[in-house]
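Okay, structure first, notes after.
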Amino acid sequence: MDAFTTHTGTAVPLRRSNVDTDQIIPAEYLKRISRNGFEDGLFASWRKDPEFVLNQERHDGATILVAGPDFGTGSSREHAVWALQNYGFKVVISSRFADIFRGNSGKGGLLTAQVPQETVEALWSLIDSDPATAVTVDLDKQQIRAGQLSADFDVDGYVRWRLMEGLDDIGITLQSVDLITAFEKQRPGITPTTI
Amino acid sequence: MASTLAEKVWAAHVVRHAEGEPDLLYIDLHLVHEVTSPQAFEGLRVAGRGVRRPDLTLATEDHNVPTINIDQPIADPISRAQVDALRANCAEFGVPLYPLGSIEQGIVHVVGPQLGLTQPGMTVVCGDSHTSTHGAFGALAFGIGTSEVEHVLATQTLPLKPFKTMAITVEGELPVGVSAKDVTLAIIAKIGTGGGQGYVLEYRGSAIRGLSMEGRMTLCNMSIEAGARAGMVAPDEITFDYVKGREHAPTGQDWDTALAYWRTLPSDADAVFDAEVLLDATTLSPYVTWGTNPGQGLPLSASVPSPEDALDEVERGAIERALEYMDLVPRTPLREIAVDTVFVGSCTNGRIEDLRAVADVLRGRQVADSVRMLIVPGSVRVKLQAEAEGLDSVFINAGADWREAGCSMCLAMNPDKLAPGERSASTSNRNFEGRQGPGGRTHLVSPGVAAATAVVGTLAAPADLPNLV
């Protein structure tokens with residue numbers, strides 16, 4: 001995984017609450033068996049509407065998604081994270097994220113920056129007045145900067161460390177393999193096995 | 001110190017604890033299906049890693065499989081590729097698999113409990129958010145993403161921060177005609193789709209104690225729709241009776257040892273929860289959703305809300321969007337909403353008790369001409385049980401379509417879908433836009449309401465039907 005320290009790009013305002021993972025990527029797009037190519041499915045049904053914000057030329061090339069509250073609810077599909085990343089997003093900003101989506105994002109290297117709804121609204125009006133506004137998301141300082149705006153964001157401390165170091169979870173856990181083996185030795189024999 | 005059920009199960013599975021880091025938690029059972037696993041197996045292959053404990057892992061095929069003509073190859077080439085990938089991966093890594101055609105095949109959350117693999121006090125994970133179902137046994141069970149699937153395959157553990165605990169206490173006797181599904185829809189309507197975020201819910205109180213295991217599974221299944229990672233019910237005699245004698249249940253001396261341990265699991269009387277919610281069971285009635293998230297639900301006797309009811313701008317926008325998508329007019333009585341499709345099934349309501357509830361309504365009655373009704377058992381075992389009880393003839397005589405086991409119309413990944421503009425009453429778990437097919441509209445309901453709706457053609461409860469002479 002690439003290390004993430006700071007990212008600067010343009011942003012898209014997604015003025016909707018409760019954006020569930022079925023909207024981020026509908027089930028019919030989940031059938032690939034690789035981790036690439038999911039950008040086609042991103043917001044597939046909403047993108048059929050030419051007015052949808054991602055279809056507006058002024059937001060071409062944006063890498064930061066600024067969404068309404070409760071982003072990523074519903075299904076555990078990590079494809080939602082891959083679809084956002086495959087499309088080119090590096091950061092999602094919202095006032096509230098669903099737990100599983102946020103966990104998946106951390107694993108995959110997509111930063112979910114949590115800010116108060118006022119900050120979301122301020123970013124929305126900033127982007128509306130000038131879509132080319134450069135937005136900087138600084139993971140080291142946990143700060144979002146855009147024009148005159150400067151706001152702190154929340155991210156889990158451990159996830160932040162892993163993202164900044166670009167570390168793979170499995171590699172970290174396997175450093176404790178002796179502890180896992182020891183735990184297995186003292187597990188009660190009555191727990192079922194599948195074979 | 002006094003502990004909750006969730007805290008006890010957590011504490012018994014901590015492999016490594018260090019300040020400022022997530023706990024490393026041991027996983028007792030890892031369930032796998034074809035949609036969220038291919039990239040995880042691919043990751044193992046690329047890194048040269050194996051599956052640490054294939055004997056604690058079980059795979060089945062459910063999301064993609066058709067529910068008719070299952071003796072023929074899957075027609076959709078992409079679905080077939082995903083199922084083929086699961087078969088190849090399980091063979092390569094030594095993971096046991098119940099494929100389409102096996103007597104043990106079915107929806108992963110129906111299969112685990114019916115085999116007796118889900119037991120009190122266990123940690124259970126699966127790359128599927130409805131893994132919360134298994135919490136009905138007093139297991140700590142939650143959905144994970146594909147990276148975590150790979151992590152569990154490789155290490156049989158997960159690094160996790162402890163969840164907060166929320167007690168949801170439902171006291172009193174449920175009125176006749178009110179099921180676990182109505183309780184869960186009422187809870188979600190009360191606390192919202194984000195209300196359980198960061199929490200493990202523990203369902204408590206006399207109404208919960210009175211539920212069967214099937215009902216408890218329905219309740220825990222929907223915990224994720226309130227934003228919670230997991231839902232749990234303390235194990236009791238109903239739990240033990242359900243587990244006893246199943247294929248993977250402990251026997252003889254092991255049973256006594258297990259039982260003695262399971263009896264220590266319920267939350268201590270003086271345990272403190274981070275949050276508490278109270279519900280009076282006697283005030284509940286059949287619930288249905290009108291909108292596009294499971295929190296947008298109301299008693300069947302209510303009417304479609306209006307944007308004017310909103311408490312803030314965000315909610316106002318959400319109601320407007322939902323009404324537009326659902327093509328509903330504010331203030332329309334919910335009972336006047338006509339559906340063209342009724343779906344009974346899914347990991348929420350695809351178990352034998354659900355099918356019995358549907359049969360009780362359909363016996364001697366007919367599905368309305370304007371309605372197609374699909375009844376899909378959650379597993380092959382459920383199908384066989386239903387047929388042994390003669391439920392299949394009740395369904396077929398009523399004009400319903402009786403299918404093979406699978407996820408079916410819950411999620412539009414297989415041939416069972418709504419067409420654009422079609423409207424369903426569905427016993428599944430999500431009414432998101434397009435969930436049952438692009439442009440499809442979903443009303444979440446209990447099995448009883450689904451069956452009555454099929455007969456009437458508009459949203460209805462069994463009590464609305466005239467008595468049979």
Side-chain angles (χ1 to χ4, degrees), chain A residues 15-18 20-23 26-28 30-35 44-46 68-70 73-79 81-82 96-101 103-104 106-108 117 156-158 168-174 176-177 179-180 182-184 187-195, chain B residues 15-16 20-22 24 26 28 35-36 38-39 42 47 54-58 64 78-79 81-82 85 96 116-117 119 122 127-129 143-148 150-151 154-157 159 193-194 197-198 227 229 248 250 254 257-258 293 314 317-318 411-413 430 432-435 438:
Chain A
R15 293 173 183 272
R16 301 188 189 205
S17 61
N18 262 298
D20 59 73
T21 51
D22 274 74
Q23 304 317 315
E28 57 188 293
L30 303 186
K31 295 180 180 180
R32 309 179 78 96
I33 52 177
S34 69
R35 284 198 184 205
S45 104
W46 292 346
D70 292 313
T73 56
S75 153
S76 65
R77 58 188 71 162
E78 198 158 330
H79 314 67
V81 174
W82 304 333
R96 209 158 54 188
F97 293 95
D99 289 334
I100 301 182
F101 174 80
N104 288 343
K107 311 278 175 197
Q117 182 63 23
D156 177 81
Y158 183 75
D168 156 29
D169 257 350
I170 297 179
I172 299 173
T173 296
L174 287 176
S176 302
V177 72
L179 289 176
I180 299 173
F183 185 91
E184 284 177 332
R187 281 180 83 230
I190 50 169
T191 38
T193 56
T194 57
I195 296 178
Chain B
V15 172
R16 187 194 65 202
E21 289 180 34
L24 192 63
Y26 199 81
D28 291 321
V35 179
T36 54
Q39 291 87 356
E42 182 60 22
D55 62 327
L56 302 183
T57 312
L58 180 72
N64 273 280
I78 313 176
S79 283
Q82 209 164 51
L117 282 169
Q119 296 174 17
M122 288 173 62
D128 188 285
S129 57
I144 57 178
T146 298
S147 295
E148 291 170 308
E150 183 181 338
H151 195 285
T155 70
Q156 203 58 32
T157 63
T193 55
Q197 216 169 312
R229 277 307 284 275
H248 292 275
D254 284 349
T257 309
N293 72 59
V314 172
L411 86 170
M413 277 197 86
R430 289 185 175 140
F432 296 155
E433 292 180 21
R435 170 79 179 183

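Proteins get letters first, then strands, A, B, ... in listed order; numbering begins at 1 in each.
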Look at [options] and state which one has the largest set of heavy-atom pairs under 4.5 Å with chain A.
options	value
B/E150, B/E21, B/Q156	B/E150
B/R16, B/H151, B/E42	B/H151
B/P38, B/G143, B/S129, B/G127	B/S129
B/L411, B/D28, B/T257	B/D28

[X] (side chain) donor-acceptor with [Y] (main chain) under 3.5 angstrom:
X	Y	answer
A/T194	B/D55	yes
B/T36	A/R77	no
A/D99	B/Q197	no

Requested in this report: Kindly indicate, with the supporting measurements, whether the criterion side-chain contact (heavy atoms from CB on, under 4.5 Å) is fulfilled by B/V314 and A/R15.
Outcome: CA-CA 9 Å; B/V314 172; A/R15 293 173 183 272; over 6 Å; no
What is the distance from atom [atom1] of [X] to atom [atom2] of [Y], rounded to the nearest 0.5 Å?
X	Y	atom1	atom2	result
A/Q117	A/S17	CD	OG	9.0 Å
B/N64	B/Q82	CG	CD	4.5 Å
A/F183	B/T157	CZ	OG1	10.0 Å
B/S147	A/R35	OG	CZ	4.5 Å
A/K31	B/S79	NZ	OG	3.0 Å
A/Q23	B/F432	CD	CZ	8.0 Å

So for [X], is it side chain, backbone, both, or neither that comes closer than 4.5 Å to the heavy atoms of chain A?
X	result
B/A85	side chain
B/Q119	side chain
B/I78	both
B/N293	side chain
B/M122	side chain
B/T155	both
B/R430	side chain

Query raised in the report: A/A27 and B/A412: which non-hydrogen atoms are nearest, and at how many Å?
Result: CB-O, 4.3 Å
Considering only heavy atoms and a distance below 4.5 Å, find which of [options] pairs most often with chain B.
options	answer
A/G157, A/P192, A/P26	A/P192
A/D70, A/T173, A/N104	A/T173
A/D156, A/D168, A/V177	A/D156
A/T21, A/I190, A/D20, A/L30	A/D20
A/D169, A/V81, A/T191, A/I172	A/D169
A/I100, A/N18, A/T73	A/I100

Requested in this report: Given side-chain contact (heavy atoms from CB on, under 4.5 Å), test B/E148 with A/E78 step by step and report yes or no.
Outcome: CA-CA 10 Å; B/E148 291 170 308; A/E78 198 158 330; 5.8 Å; no
Segment of [X] engaging chain B (4.5 angstrom heavy-atom cut-off):
X	answer
A/P69	side chain
A/R16	side chain
A/S34	backbone

